[in-house]
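Some notes on the structure that comes next.
As a basis for the values below, the full set of heavy atoms in this structure was taken, side chains included, without hydrogen atoms, waters or symmetry mates.
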Amino acid sequence: MAQSAAIKQSPFQWEGTDRAGKKVKGKLVGASESAVRSELRRQGVVPTRVRKQSTLFAKSGKVRAQDIAIFSRQLATMMTAGIPLVQAFDIIGAGHENPAMQKLILAIKADVEGGTALANALARHPLHFDDLFVNLVAAGEQAGALETLLDKIATYKEKTEAIKKKIKKALFYPAAVVVVALVVTAILMIFVIPEFESLFQGFGADLPAFTRMVIDISNFIRSQGWLLLAAIIGAVVGFLHAKKRYRKVQHAVDRIALKLPVIGMILNKSAIARYARTLATTFAAGVPLVEALDSVSGACGNVVYEGAVLKMRDEVATGQRLQRAMENTELFPNMVNQMIAVGEESGSLDEMSSKVADFYEEEVDNAVDSMSSLLEPLIMSILGVLVGGLVIAMYLPIFKMGQVV
């Protein structure tokens, strides 16, 4: 029944006049136009126009992690303001621009209207709401503090999405410049170098070794370029498939990534920040430490840290202190271990974990900015050497002729 209700619910755009005779308009979710008109009249609005919102691109929409973070904050804010849960879903769903997100919210709303607990309704959409999200909502419902837990979830989602953006920012800039450099080099090799080669053929003299090498590379790219491109694409696709499918490959890649200069430092700090943030959120929600570490392991964003946290969970389950278990992994800095130890001794583990998360999130932010400042001149130098080298290679024969003359 819940599924059929979700299909019938649709967003509508309406226009009308309120009790004061003022023109108003907005969006509302309902099963039909008549249902929407009835709801508007119940709210004191005389509808003059109600039309179903177009869902032409609804199937092509995609629910992003950022959409879930915004949804969490909106739901937390509305419930804190005393708005009933179902009405909050109506407001959020009607105002969302992403058709796929609208459909998701309507499906959850239909389940809740049918008597399903919010945590169970969210659990039916595991692609968008992970175990951590569902477990925290369930804890909030059981404790009668859903508004408080939703606020913690919203803060957690906002923090984790912010740190993901910083990591992407750190990796995107050098990757984009490398792609541009490869494209520029390919254009020079395919279109510019052959023009110089035809010019040099009339010189009747041997070309410098550097020039000859560049021309040979150009000829190879023009004759075998498609095979080379196909091989590179095949290697990249194969690598990504292996990384996604095989745990050992993913573990090896993540371990190597943590040891890379500059980027490795950022990835390490990011994993620690996410570990601490998730631990603080789950422990503050009243989740037992061993169960909390289960959720924390999957939120670190790195297989190496995930495996380490699972080992920590097993040690804590046998009575080991969390601080000692963290030290055994040799992944966490001494400062983090000591702050966790203080939190355990003082009974404020959630507060100390939150302070660790704040510190390392700021560290990641500063590291990304510093890396961008350091990489910019380095990348420009590499581009200059690459393009300048090709230019010099093409002008060497001309300089040689000038000296002969």
Side-chain angles (χ1 to χ4, degrees), residues 76 130-133 135-136 139-140 142-143 145 148-164 166-167 254 258 264-370:
D130 56 19
D131 290 340
L132 173 61
F133 198 117
N135 291 340
L136 290 176
Q142 291 171 5
T148 304
L149 263 296
L150 282 172
D151 183 68
K152 290 183 182 297
I153 293 170
T155 302
Y156 167 75
K157 281 290 182 183
E158 289 164 354
K159 295 283 187 180
T160 52
E161 284 306 306
I163 204 166
K164 283 181 186 178
K166 290 168 188 172
I167 297 300
D254 282 359
L258 292 175
M265 175 192 67
I266 295 176
L267 294 177
N268 272 292
K269 290 181 177 180
S270 168
I272 294 172
R274 293 171 71 173
Y275 161 83
R277 180 63 62 193
T278 311
L279 181 63
T281 304
T282 51
F283 201 73
V287 179
L289 184 56
V290 174
E291 294 180 24
L293 289 174
D294 247 336
S295 300
V296 171
S297 65
C300 290
N302 186 286
V303 173
V304 176
Y305 278 89
E306 180 181 343
V309 174
L310 290 176
K311 288 182 181 178
M312 288 161 48
R313 177 203 62 188
D314 295 338
E315 292 181 16
V316 171
T318 60
Q320 183 73 273
R321 289 183 59 185
L322 177 60
Q323 174 240 344
R324 182 62 62 186
M326 289 173 60
E327 287 178 349
N328 292 339
T329 65
E330 298 182 354
L331 286 175
F332 298 92
N334 185 58
M335 184 202 78
V336 178
N337 295 331
Q338 294 306 316
M339 290 189 72
I340 294 298
V342 171
E344 285 185 294
E345 292 172 2
S346 63
S348 57
L349 183 58
D350 55 337
E351 183 180 345
M352 284 297 150
S353 298
S354 183
K355 289 183 184 296
V356 171
D358 290 338
F359 175 79
Y360 275 92
E361 284 164 359
E362 187 174 352
E363 284 285 294
V364 170
D365 200 10
N366 294 335
V368 169
D369 292 338
S370 299

Next on the checklist: For a 4.5 angstrom cut-off between non-hydrogen side-chain atoms, does Leu322 reach Leu293?
Outcome noted: yes
Checklist entry - How about Leu289 and Thr282: do any of their side-chain heavy atoms sit closer than 4.5 Å? => result no
Next on the checklist: For Thr281 and Val287: C-alpha separation, side-chain torsions, deciding distance, then whether side chain to side chain contact (heavy atoms under 4.5 Å, CB included) applies.
Outcome noted: CA-CA 9 Å; Thr281 304; Val287 179; over 6 Å; no
Item to check | Steps toward side chain to side chain contact (heavy atoms under 4.5 Å, CB included) verdict (Ser295, Asp131) | outcome: CA-CA 7 Å; Ser295 300; Asp131 290 340; 5.5 Å; no
Next on the checklist: If only side-chain N and O atoms count, and only distance matters, is there a donor-acceptor pair under 3.5 Å linking Asp254 with Tyr305?
Outcome noted: no
Checklist entry - Rounded to the nearest 0.5 Å, what separation is found between the CD1 atom of Ile163 and the CG atom of Asp365? => result 9.0 Å
Checklist outcome for this item: In short, Thr278 meets Ala299 closest at the heavy-atom pair OG1-CB, 3.4 Å
Checklist entry - Can you name the nearest heavy-atom pair linking Ala76 to Ala154, along with the distance? => result CB-CB, 4.4 Å
Checklist entry - Say you draw a straight line from CE of Met352 to CE of Met339; how long is it, rounded to the nearest 0.5 Å? => result 5.5 Å
Checklist entry - Taking only residues two or more places apart in sequence or in another chain, which ones pass salt bridge (charged side-chain N to carboxylate O under 4.0 Å, His left out) with Arg277? => result Asp358, Glu361
Next on the checklist: I'd like to check Val336 versus Met326 (side-chain heavy atoms, cut-off strictly below 4.5 Å). Are they in contact?
Outcome noted: yes
Next on the checklist: For Val356 versus Ala276, what's the shortest heavy-atom pair and its separation?
Outcome noted: CG1-CB, 3.7 Å
Item to check | Distance-minimising heavy-atom pair for Met265 and Ala367 | outcome: CE-CB, 3.8 Å
Next on the checklist: Pair Val309, Asp294 - check side chain to side chain contact (heavy atoms under 4.5 Å, CB included), show working.
Outcome noted: CA-CA 8 Å; Val309 174; Asp294 247 336; over 6 Å; no
Checklist entry - Would you say Glu362 has more than 12 foreign heavy atoms packed within less than 6.0 Å of its CD? => result no
Next on the checklist: Ignoring hydrogens, what is the shortest heavy-atom contact between Asn302 and Val304? Give both atom names and the distance.
Outcome noted: OD1-N, 2.9 Å
Next on the checklist: Between Tyr360 and Tyr275 (judged by ring centroids, cut-off 6.0 Å), do the two rings come close enough to count as a pair?
Outcome noted: no
Item to check | Arg324 vs Glu315, side chain to side chain contact (heavy atoms under 4.5 Å, CB included): CA-CA, chis, key distance, verdict | outcome: CA-CA 9 Å; Arg324 182 62 62 186; Glu315 292 181 16; 5.8 Å; no
Item to check | Side chain Thr160, main chain Tyr156, donor-acceptor under 3.5 Å | outcome: yes
Checklist entry - Would a distance-only check, ignoring hydrogens and angles, find a side-chain to backbone donor-acceptor pair under 3.5 Å from Ser354 to Asp350? => result no
Checklist entry - Taking all atoms of both residues into account, what is the closest heavy-atom pair of Ile340 and Leu279, and its distance? => result CD1-CD2, 4.4 Å
Item to check | Point-to-point distance, once rounded to the nearest 0.5 Å, from CD of Glu330 to CG of Asn337 | outcome: 10.5 Å
Next on the checklist: Rounded at 0.5 Å granularity, tell me how far CG in Leu258 sits from CG in Leu267.
Outcome noted: 6.0 Å
Checklist entry - Roughly how far apart are Met312 CE and Ser297 OG, rounded to 0.5 Å? => result 10.0 Å
Next on the checklist: Among residues at least two apart in sequence or on other chains, which ones pass salt bridge (charged side-chain N to carboxylate O under 4.0 Å, His left out) with Lys164?
Outcome noted: Glu161
Next on the checklist: Less than 4.5 Å apart, side chain to side chain, heavy atoms only: is that true for Lys157 and Phe133?
Outcome noted: yes
Checklist entry - Can you tell me if NZ on Lys152 sees more than 12 non-hydrogen neighbours from other groups inside 6.0 Å? => result no
Checklist entry - Would you say the side-chain atoms of Arg313 pair up with the backbone N or O of Val290, donor to acceptor, closer than 3.5 Å? => result no
Checklist outcome for this item: dist Ser348:OG -> Lys355:NZ (nearest 0.5 Å) comes out at 9.0 Å
Next on the checklist: Taking the basic N atoms (NZ, or NE/NH1/NH2) and the acidic carboxylate oxygens, is any pair closer than 4.0 Å for Glu345 and Arg321?
Outcome noted: yes
